[in-house]
Amino acid sequence: MFHKQSFTCIDAHTCGNPVRLVKEGGPILEGNTMDEKRQHFLREYDWIRKGLMFEPRGHDMMSGSILYPAHDPSNDIAVLFIETSGCLPMCGHGTIGTITIGIEHGLIKSKRPGIVRLETPAGLVIAEYKTERKREKEKVVSVKLTNVPSFLAAENLIVDSADLGEIKFDVAYGGNFYAIVDPQKNFKGLENFHAEQLVGMARDIRKKINERYQFIHPQNPNIRGCSHVLWTGAVLDKNSTARNAVFYGDKAIDRSPCGTGTSARMAQWHARGKLKKGDEFIHESIIGSKFIGRIEEEIPNAFGDGKAAIRPSIEGWARVYGENIITIDQEDDPYAEGFQVL
């Protein structure tokens, strides 16, 4: 049980979506991997996630991270992701923001300049960053992450939407499991709906999907369940490849193009023969911000079960905009662990 604790945080956004890095105050976790540490955090310290991510200290879109020493000496750093949606195995926009904050503030010391070997609960991620001198400071201008193996888990599944009727969808993995809803008879594309409509419809079908279907990572049973819904639609910029609106948590639409969602969608396209190794995949968010994706590697038998996968890369940018000290005081504050208004 905690009473009062302070957290020193650095805030940024990745292509419009927030990242709050906990610089000081994160808990000491047990485990030999970040997956094991994630389980310990969920058992004993989820109040930190709720207090820092939910209202009144956060908001419905809030995402964050906590850095830890690497377990493998060949790697540079390890990360735990904390969000309104939970303690995710992997977060692409969170990685881009965390690397940007970590390099600019000296929290990450990489063994090789320009490259960070990052341990996540989902596996090893390689981040390449570029810097420029701006206003007398060295700033990170872009981060390209090479993600964990991503794959199409199921296709042509059906769910009944309370608003739309019968909806067909695929499920793909890019660090989290995504239900991907492409334009079809009962869904003409995300551009035909307001964000609040997409949120309500996604919350309804995600619940029904998880009641009807089961998704478990072939190598890690701790990664399970469809956590995100990815709505697709027409691009805003004719030079873009595709556009999406990713639902996560209970009320959030990702303002960035979503890194693990982009990875999942590239895996879906690759399985359908729509995307080849090396092809540029420019993915737009609901607000028009962009990630550049590529398939770096094709893995024919990624998990020993015959299932093919890809290793995708995602490139984007983040901007640091603030520092703060946040106090969570259980004895004084009735909303110490935060709240959400659904």
Side-chain angles (χ1 to χ4, degrees), residues 2 5-12 14 18-53 63-83 86-131 138 140 143-149 175-176 217 219-220 222-223 259-260 311 314 318 320 323-326 328:
F2 72 97
Q5 187 164 338
S6 293
F7 302 87
T8 302
C9 304
I10 304 172
D11 284 359
T14 301
V19 181
R20 171 171 287 166
L21 174 62
V22 180
K23 178 183 177 182
E24 296 174 4
I28 297 172
L29 298 177
E30 299 170 355
N32 296 315
T33 66
M34 280 316 298
D35 182 51
E36 292 178 3
K37 282 185 165 66
R38 173 176 173 252
Q39 300 309 312
H40 182 204
F41 183 91
L42 287 170
R43 288 193 305 271
E44 296 187 26
Y45 296 105
D46 205 39
W47 61 267
I48 294 175
R49 178 186 69 84
K50 293 175 181 177
L52 294 178
M53 299 292 106
S63 299
S65 61
I66 308 173
L67 293 173
Y68 288 91
H71 303 84
D72 184 333
S74 65
N75 299 328
D76 297 302
I77 200 78
V79 65
L80 180 80
F81 299 108
I82 53 174
E83 304 200 354
C87 193
L88 294 178
M90 174 54 190
C91 179
H93 98 273
T95 296
I96 292 170
T98 298
I99 294 295
T100 300
I101 297 168
I103 294 298
E104 289 189 1
H105 283 258
L107 305 177
I108 298 174
K109 304 293 187 182
S110 58
K111 295 175 178 64
R112 294 174 57 193
I115 298 177
V116 176
R117 293 175 60 87
L118 181 71
E119 297 176 8
T120 79
L124 182 65
V125 170
I126 308 299
E128 303 173 53
Y129 62 91
K130 297 176 183 177
T131 62
E138 202 69 19
V140 177
V143 177
K144 175 185 174 183
L145 65 94
T146 300
N147 201 6
V148 296
N176 306 288
H217 192 280
Q219 290 182 330
N220 188 344
N222 292 324
I223 302 176
T260 55
R311 194 176 297 277
I314 308 294
V320 182
E323 299 180 50
N324 54 66
I325 297 175
I326 298 174
I328 300 177

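Here, residue 1 is the first one in the sequence, and each next residue gets the next number. Values reported hereafter were calculated over all heavy atoms of this structure, with side chains retained and with hydrogens, waters and symmetry mates removed.
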Student: Using a 3.5 Å distance criterion without hydrogens, assess whether the side chain of K144 forms a donor-acceptor pair with backbone atoms of E128.
Tutor: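 Absent.
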
Student: Quick check: does any side chain N or O of Y68 sit under 3.5 Å from a backbone N or O of V79, one acting as donor and the other as acceptor?
Tutor: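 No, Y68 side chain to V79 backbone: no donor-acceptor pair under 3.5 Å.
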
Student: Once salt bridge (Lys or Arg N to Asp or Glu O under 4.0 Å) is applied, what residue pairs with a partner in residues 88-117 remain, sequence neighbours excluded?
Tutor: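 Residue pairs with at least one partner in residues 88-117: D76-K111, E104-K139.
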
Student: Kindly indicate whether the side chain of K37, heavy atoms from C-beta on, has any atom under 4.5 Å from the side chain of M34.
Tutor: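 They are in contact (side-chain heavy atoms under 4.5 Å apart), so the answer is yes.
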
Student: In Å and rounded to the nearest 0.5 Å, what is the CG to OG1 distance from L88 to T260?
Tutor: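 Output value for this atom pair is 7.0 Å.
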
Student: Indicate the atoms forming the closest heavy-atom contact of V19 with S65, along with that distance.
Tutor: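 Answer, listing the atom of V19 first, then S65: CG1-OG, 4.4 Å.
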
Student: What pair of heavy atoms forms the shortest contact from E138 to T131, and how long is it?
Tutor: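 Minimum heavy-atom contact is OE2-OG1, 3.0 Å.
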
Student: Is the backbone N or O of P18 less than 3.5 Å from a side-chain atom of H93, with the two atoms forming a donor-acceptor pair by type?
Tutor: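 Yes, H93 side chain to P18 backbone: donor-acceptor pair under 3.5 Å.
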
Student: Restricting to non-hydrogen atoms, name the atom on F81 and the atom on C91 that form the minimum distance, rounded to 0.1 Å.
Tutor: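 In terms of heavy atoms, the two residues are closest at CE1-N, 3.5 Å.
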
Student: Evaluate side chain to side chain contact (heavy atoms under 4.5 Å, CB included) for I82 paired with I66, printing each intermediate quantity in order.
Tutor: CA-CA 8 Å; I82 53 174; I66 308 173; 4.3 Å; yes

Student: Hey, does the side chain of T14 reach the backbone of G97 with a donor-acceptor pair shorter than 3.5 angstrom?
Tutor: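 Pair found, side chain donor or acceptor close to backbone of G97.
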
Student: With a 4.5 Å cut-off on side-chain heavy atoms, are P89 and N176 touching?
Tutor: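 A side-chain contact exists here, since the closest heavy-atom pair is under 4.5 Å.
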
Student: How close do R38 and N222 get, counting heavy atoms only, and between which atoms?
Tutor: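 Result for this residue pair: NH1-O, 3.6 Å.
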
Student: CD1/I328 to CZ/F7 distance, rounded to the nearest 0.5 angstrom?
Tutor: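 Separation between the atoms: 4.5 Å.
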
Student: Distance check, rounded to the nearest 0.5 Å: K50 atom NZ versus L52 atom CG?
Tutor: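 Spacing of NZ (K50) from CG (L52) equals 13.0 Å.
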
Student: May I ask you to check whether over 12 heavy atoms, not counting those of I325, lie within 6.0 Å of atom CD1?
Tutor: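 At most 12 heavy atoms, drawn from other residues, nucleotides or ligands, come within 6.0 Å of this atom.
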
Student: Quick one, M90 with L145, criterion side chain to side chain contact (heavy atoms under 4.5 Å, CB included). Give me CA distance, side-chain angles, the key distance, then yes/no.
Tutor: CA-CA 12 Å; M90 174 54 190; L145 65 94; 4.2 Å; yes

Student: Run the side-chain hydrogen bond (donor to acceptor under 3.5 Å, both in side chains) test against R49 and tell me which residues pass, sequence neighbours left out.
Tutor: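 With sequence neighbours excluded, R49 shows a side-chain hydrogen bond (donor to acceptor under 3.5 Å, both in side chains) to D46, given in chain and number order.
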
Student: Kindly state each residue pair satisfying ring-ring contact (aromatic ring centres under 6.0 Å, His included) with at least one member in residues 21-43, sequence neighbours excluded.
Tutor: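 Pairs touching residues 21-43 that pass the test: H40-Y45.
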
Student: Looking at L80, V22, I77, which one forms a side-chain contact (heavy atoms from CB on, under 4.5 Å) with L67?
Tutor: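 The residue from L80, V22, I77 that satisfies side-chain contact (heavy atoms from CB on, under 4.5 Å) with L67 turns out to be I77.
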
Student: Under a 3.5 Å distance rule, please check whether E119 uses its side chain to pair with a backbone N or O of D72 as donor and acceptor.
Tutor: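 Yes; at least one donor-acceptor contact below 3.5 Å.
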
Student: Got a second to check how far Q219's CD is from D35's CG, nearest 0.5 Å?
Tutor: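 Here the rounded value is 12.0 Å.
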
Student: Quick one: pull up NZ in K130 and CD1 in I103 and give me the separation to the nearest 0.5 Å.
Tutor: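 So the gap between those two atoms works out to 15.0 Å.
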
Student: Return the minimal non-hydrogen interatomic distance between V320 and H105, and the atom names on each side.
Tutor: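 Heavy atoms only, the tightest pair is CG1-NE2, 3.8 Å.
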
Student: Grab the two heavy atoms, one from V148 and one from R311, that are nearest each other, plus how far apart they are.
Tutor: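 Here V148 and R311 meet closest at CA-NH1, 4.2 Å.
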
Student: Which is it for N324 and C9 under the side chain to side chain contact (heavy atoms under 4.5 Å, CB included) test, yes or no, and what are the steps along the way?
Tutor: CA-CA 5 Å; N324 54 66; C9 304; 3.3 Å; yes

Student: What I'd like to find out is whether the side chain of V116 reaches to under 4.5 Å of the side chain of S110, using heavy atoms alone.
Tutor: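 Contact flag for V116/S110 side chains = yes.
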
Student: How long is the gap from CD on E24 to CD1 on I10, to the nearest 0.5 Å?
Tutor: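 Rounded to the nearest 0.5 Å, the CD-CD1 separation comes out at 9.0 Å.
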
Student: Passes side chain to side chain contact (heavy atoms under 4.5 Å, CB included), L118 versus N75? Steps please.
Tutor: CA-CA 6 Å; L118 181 71; N75 299 328; over 6 Å; no

